[in-house]
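A short write-up of the structure that comes next.
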Amino acid sequence: YSTWRHFPGSFNVLSYLGVPISSHNEIIAFLNLDSTQPGFFTETHVARAAALAQQIAIAINNAQLYEKLERHAQELEQRVIRRTAKLRESEERYRTIVEGQADLVIRYSPEGQITFANEALCNYVGRPLDELIGSSLTGFMFPNDHSRLNKYLNDLDSYPSTFERELRTVDHLGKAHWHHWATNIIRNEEGTPIELQGVGRDITTRRELEGHLKKTLEHQMHISEMRSRFLSMAAHDLRNPLSVIKLSTEILQRYSAQIS
């Protein structure tokens, strides 16, 4: 051909076949075939080269897709690692706060089975955490308060997400204590209670003072009532003699002349 351009090493190329390699309607490469024999390539060669170019395009697409997926997987893995580190940090901070306070912290299922307890509660009941996990909440509750506990566990749907109550508990020595419990109900997306967390603060001293004050007030009211009764009786006794004296004085005044 008059327009044929010769390149170094291409003097023996006497026939050529080129097929574009396309991806997403865009040419990304060419499949180049040459021969030293003039007119070597036929329509059959063209069809086969086109089929090969299509397979190469699919392979390239798959390789690029795999590379993208690999990068995406690595990014997700890094995100998971960072997120896990943050969760562990938050969990450690939460555990430090929970374990560091003197209040009793407990988590339990709606059926009353313990799922977590802080160190203060473990020391209070004298049992390790692994023994408390799965045990019943009534295990350290005062027997007379079991019915109150079971009543609210059976009626959780009517309770708000946060509520407070006062219940008695029993320590490892068998001594009863009053605790003020602030309880949070953890619900799922449907609003069904799935777990509860309670923080109990010992209010035994306050309850004892309230009981003592109540007895003192009742005693003072009794004394006041007795004083009122006494004064009423005394006033009645005093009024009667005065009435007699008054009547006698009136009689003396009326009949003083006759008596004289």
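No single ILVMFWY cluster, assembled from side-chain heavy atoms under 4.5 Å apart, contains both Y108 and I194. Cluster membership for W178 and L209, using ILVMFWY side-chain heavy atoms within less than 4.5 angstrom, is not shared. Residues L31 and I60 share a single hydrophobic cluster, defined by chaining ILVMFWY side chains whose heavy atoms lie under 4.5 Å apart. One hydrophobic cluster, built from ILVMFWY side chains closer than 4.5 Å, cannot hold both Y16 and I21; they sit in different ones. In the hydrophobic cluster analysis, where Ile, Leu, Val, Met, Phe, Trp and Tyr join through side-chain heavy atoms closer than 4.5 angstrom, L149 is grouped together with Y124.
If you take CZ on R48 and CZ on F41, they are separated by 12.5 Å, rounding to the nearest 0.5 Å. Of the inter-residue distances, the one linking I185 atom CD1 with S161 atom OG reads 6.5 Å to the nearest 0.5 angstrom. A distance of 7.5 Å separates CG in D202 from CG in L104, rounded to the nearest 0.5 Å. Separation of atoms CD1 (I56) and OG (S22) is listed at 12.0 Å; rounding is to 0.5 Å. A distance of 12.5 Å separates OG1 in T183 from CZ in R107, rounded to the nearest 0.5 Å. Between L196 atom CG and F163 atom CZ the span is 6.0 Å, to the nearest 0.5 Å.
A donor and an acceptor atom, one from each side chain of H177 and T169, are nowhere located under 3.5 Å apart.
For the pair L132 and L121, the minimum side-chain heavy-atom distance is below 4.5 Å. In this structure, the side chains of Q197 and F116 stay at 4.5 Å or more apart for every pair of heavy atoms. Contact check for W181 versus V199: no side-chain heavy atoms found under the 4.5 Å cut-off. Looking at H179 and F142, their side chains never come closer than 4.5 Å, going by heavy atoms from C-beta outward. Side chains of L167 and R165 form a contact here, defined as non-hydrogen atoms less than 4.5 Å apart. Inter-residue side-chain proximity for R168 and T204 is flagged as unmet; no heavy-atom pair is nearer than 4.5 Å. Proximity of S136 to M141: side-chain heavy atoms (C-beta onward) are nowhere separated by under 4.5 Å. Residues R83 and V80 are not in side-chain contact: their nearest non-hydrogen atoms beyond the backbone lie 4.5 Å or more apart.
The backbone N or O of A57 sits nowhere less than 3.5 Å from a side-chain atom of S23 that would complete a donor-acceptor pair. The closest donor-acceptor contact from the side chain of N32 to the backbone of V19 lies at 3.5 Å or more, if one exists at all. Judged purely by atom type and a 3.5 angstrom limit, N62 uses its side chain to pair as donor or acceptor with the backbone of I58. Side-chain atoms of T192 do not come within 3.5 Å of backbone N or O of N188 as any donor-acceptor pair. Judged by distance alone, with hydrogens and angles left aside, the side-chain atoms of D34 form no donor-acceptor pair with the main-chain N or O of S15 at under 3.5 Å.
Summarising the geometry of C122 relative to A117, their closest heavy-atom pair is SG-O, 4.2 Å, with the distance given to 0.1 Å. Nearest heavy-atom pair, S109 versus T115, reported as atom, atom and distance to 0.1 Å: N-CG2, 4.3 Å. Looking at every heavy atom in both residues, A53 comes nearest to P20 through CB-O, 3.8 Å. Taking both residues in full, the closest heavy atoms of G112 and L153 are given as CA-CD1, 4.0 Å, listed atom of the first, atom of the second, then distance. What you find for D155 and Y159 is that their closest heavy atoms are O-CD1, 3.1 Å.
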Using the side chain to side chain donor-acceptor pair (under 3.5 Å) rule, take S147 and N150 through it: C-alpha gap first, then chi angles, then the decisive distance, then the call. CA-CA 5 Å; S147 59; N150 292 328; over 6 Å; no
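Counted within 6.0 Å of CD on E131, heavy atoms from surrounding residues, nucleotides or ligands total more than 12; the atom is thus considered enclosed.
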Output a table of donor-acceptor pairs, distance under 3.5 Å, between side-chain atoms of residues 68-76 and any protein atom two or more places apart or on a different chain; print 'none' if there are none.
unit_1: R71; atom_1: NH1; unit_2: E67; atom_2: OE2; d: 3.2

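Of the options R201, R206, R148, a salt bridge (Lys or Arg N to Asp or Glu O under 4.0 Å) to E166 is made by R206 and by none of the others.
Proximity of the aromatic rings of H172 and F140 is defined here by a centroid distance below 6.0 angstrom, and this criterion is not met.
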